[in-house]
Q: 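Here it is: the structure, laid out below.
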Amino acid sequence: MFSGNKALRFEEYVRLRQDALLRTARRLVPDPVDAQDLLQTALTQTFVRWDQIADKNLADAYLRRVMINTRTEWWRARKFEEVLTAHDPDTSVQDDTDRYTDRALLLDVLGILTPRQRSIVVLRHWVELSTEETAQLLGLATGTVKSTLHRALIQLRKELEERERDFHAGGGARPPERGIAWPRHKPLSAAA
């Protein structure tokens, strides 16, 4: 069904770009296993259309678009159900490095955003695409990307400030919520 040459070219592309694509997938969904599933689904869909991608330099953009669309489909299809337990599960992980603490906090805080906001923040600040590239990739107007990014950053800032206030109000000694290690740096108000 598929030519061996097509499979070899695609395999070579995946071998070269796999790490970068997995990082992008990891930023689109909070769970590492879901990120791997997302990337695998995107790669499967891309392989089927590999010959239709005339400019292979745009393969990354095509895969990012497939990942965003797939993640959006998953988000729309999810069921809203909570499982109540007698006590909160202990999911915290001790990690003494600020780098991993800040990263975990930011990934958790990204969860408050809508899928569109999260996509725009990830593409602009982690993938480091320009506003125009982000707008083109998502099929939005440049102004929409700018205003959505502005509102998303305001939401993120408020959420981080609220978490920091809660942390300091508790004397800095209360255990992290939802498995997040809290930051060990100056308050945001003092840093601004």
Q: Heavy atoms, side chains only, cut-off 4.5 Å: are D108 and R163 in contact?
A: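 When only atoms from C-beta onward are counted, R163 and D108 do touch, with a gap below 4.5 Å.
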Q: Is any NZ, NE, NH1 or NH2 atom of the basic residue among K158 and E162 found under 4.0 Å from an Asp or Glu carboxylate oxygen of the other?
A: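 Between E162 and K158 there is no salt bridge, as every charged N stays at least 4.0 Å from the carboxylate O atoms.
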Q: Could you give me the CA-CA distance, side-chain angles and deciding distance for L39 and M67, then say whether side-chain contact (heavy atoms from CB on, under 4.5 Å) is met?
A: CA-CA 7 Å; L39 178 57; M67 283 191 281; 4.1 Å; yes
Q: Among T24, L28, L110, find the residue that satisfies the side chain to side chain contact (heavy atoms under 4.5 Å, CB included) test when tested with W126.
A: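 In the set T24, L28, L110, the residue that makes a side chain to side chain contact (heavy atoms under 4.5 Å, CB included) with W126 is L110.
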Q: Starting at CG of L153, measure out to CG of L113 and round the result to the nearest 0.5 Å.
A: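 Going from the CG atom of L153 to the CG atom of L113 covers 8.5 Å.
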Q: What is the distance from atom CG of L140 to atom NZ of K146, rounded to the nearest 0.5 Å?
A: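 Interatomic distance, L140 CG to K146 NZ, rounded to 0.5 Å: 13.5 Å.
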Q: Do D51 and R9 touch side chain to side chain, with heavy atoms closer than 4.5 Å?
A: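 D51 reaches R9 side chain to side chain.
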Q: Please determine whether the number of non-hydrogen atoms from other residues, nucleotides or ligands lying under 6.0 Å from atom NE2 of H125 exceeds 12.
A: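 Count over threshold, so yes.
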Q: Are any non-hydrogen side-chain atoms of T134 and T142 less than 4.5 angstrom apart?
A: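 No, side chains not in contact.
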Q: When you measure from the side chain of R71 to the backbone N and O of P115, does any donor-acceptor pair fall under 3.5 Å?
A: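 Yes; at least one donor-acceptor contact below 3.5 Å.
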Q: Just wondering, are more than 12 heavy atoms of other shown residues or ligands nearer than 6.0 Å to CD in Q136?
A: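 No, CD of Q136 has 12 or fewer neighbouring heavy atoms, counting only those of other groups under 6.0 Å.
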Q: Are R15 and E11 ion-paired here, with the side-chain N under 4.0 Å from a carboxylate O?
A: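 Answer for the salt bridge query: yes.
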Q: For residues L21 and Y13, report the shortest heavy-atom separation together with the two atoms involved.
A: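 Of all heavy-atom pairs spanning L21 and Y13, the closest is CD1-OH, 3.9 Å.
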Q: Under a 3.5 Å distance rule, please check whether T148 uses its side chain to pair with a backbone N or O of V145 as donor and acceptor.
A: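 The answer is no, because no donor-acceptor pair under 3.5 Å joins these two groups.
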Q: Would you call D19 and R26 a salt bridge, using N to O less than 4.0 angstrom?
A: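 Here D19 does not pair with R26 in a salt bridge, since their nearest N and O are not under 4.0 Å apart.
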Q: To the nearest 0.5 Å, tell me how far T46 OG1 sits from D60 CG.
A: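 Reported value, rounded in 0.5 Å steps: 10.0 Å.
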Q: Mind checking whether L63 and R17 have side chains closer than 4.5 Å, heavy atoms only?
A: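 In short, these two side chains do not touch, never coming nearer than 4.5 Å.
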Q: Do R116 and T144 pass the side-chain contact (heavy atoms from CB on, under 4.5 Å) test, and can you show the C-alpha distance, the side-chain angles, and the key distance before you say yes or no?
A: CA-CA 11 Å; R116 177 190 274 189; T144 302; 3.8 Å; yes
Q: Same hydrophobic cluster for L137 and L58, using side-chain heavy-atom links shorter than 4.5 Å among ILVMFWY?
A: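 Different clusters: L137 never reaches L58 through Ile, Leu, Val, Met, Phe, Trp or Tyr contacts under 4.5 Å.
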Q: Report yes or no: do Y62 and D55 form a side-chain donor-acceptor pair below 3.5 Å?
A: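 There is no such pair between these side chains.
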Q: Mind checking salt bridge (Lys or Arg N to Asp or Glu O under 4.0 Å) for D34 and listing every partner two or more places apart, or none if nothing turns up?
A: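 Expected list: none.
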Q: When rounded to the nearest 0.5 angstrom, what is the spacing between OG in S119 and CG in N69?
A: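 Spacing of OG (S119) from CG (N69) equals 9.0 Å.
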Q: Using 0.5 Å steps for rounding, measure from the CD atom of Q18 to the CZ atom of R23.
A: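 It comes to 11.0 Å.
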Q: Hey, what's the ring geometry for F10 with W50, parallel, tilted or perpendicular (30° and 60° as the breaks)?
A: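 Taking W50 first and then F10, their aromatic rings stand perpendicular (interplane angle over 60°).
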Q: Any non-hydrogen side-chain atom of T41 less than 4.5 Å from a side-chain atom of W74?
A: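 A side-chain contact under 4.5 Å exists here.
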Q: From K56 NZ over to E12 CD, what is the distance, rounded to the nearest 0.5 angstrom?
A: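 Interatomic distance, K56 NZ to E12 CD, rounded to 0.5 Å: 12.0 Å.
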Q: Answer whether the closest heavy-atom distance between the side chains of T131 and R124 falls below 4.5 Å.
A: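 Yes, side chains in contact.
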Q: Looking at Q52 and R49, would you say the former's side chain and the latter's main chain have a donor-acceptor pair under 3.5 Å?
A: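 Not confirmed, Q52 side chain does not pair with R49 backbone.
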Q: Which atom names give the shortest non-hydrogen contact between R65 and L138, and what distance separates them?
A: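 For R65 versus L138, the nearest heavy atoms are NH1-CA, 2.7 Å.
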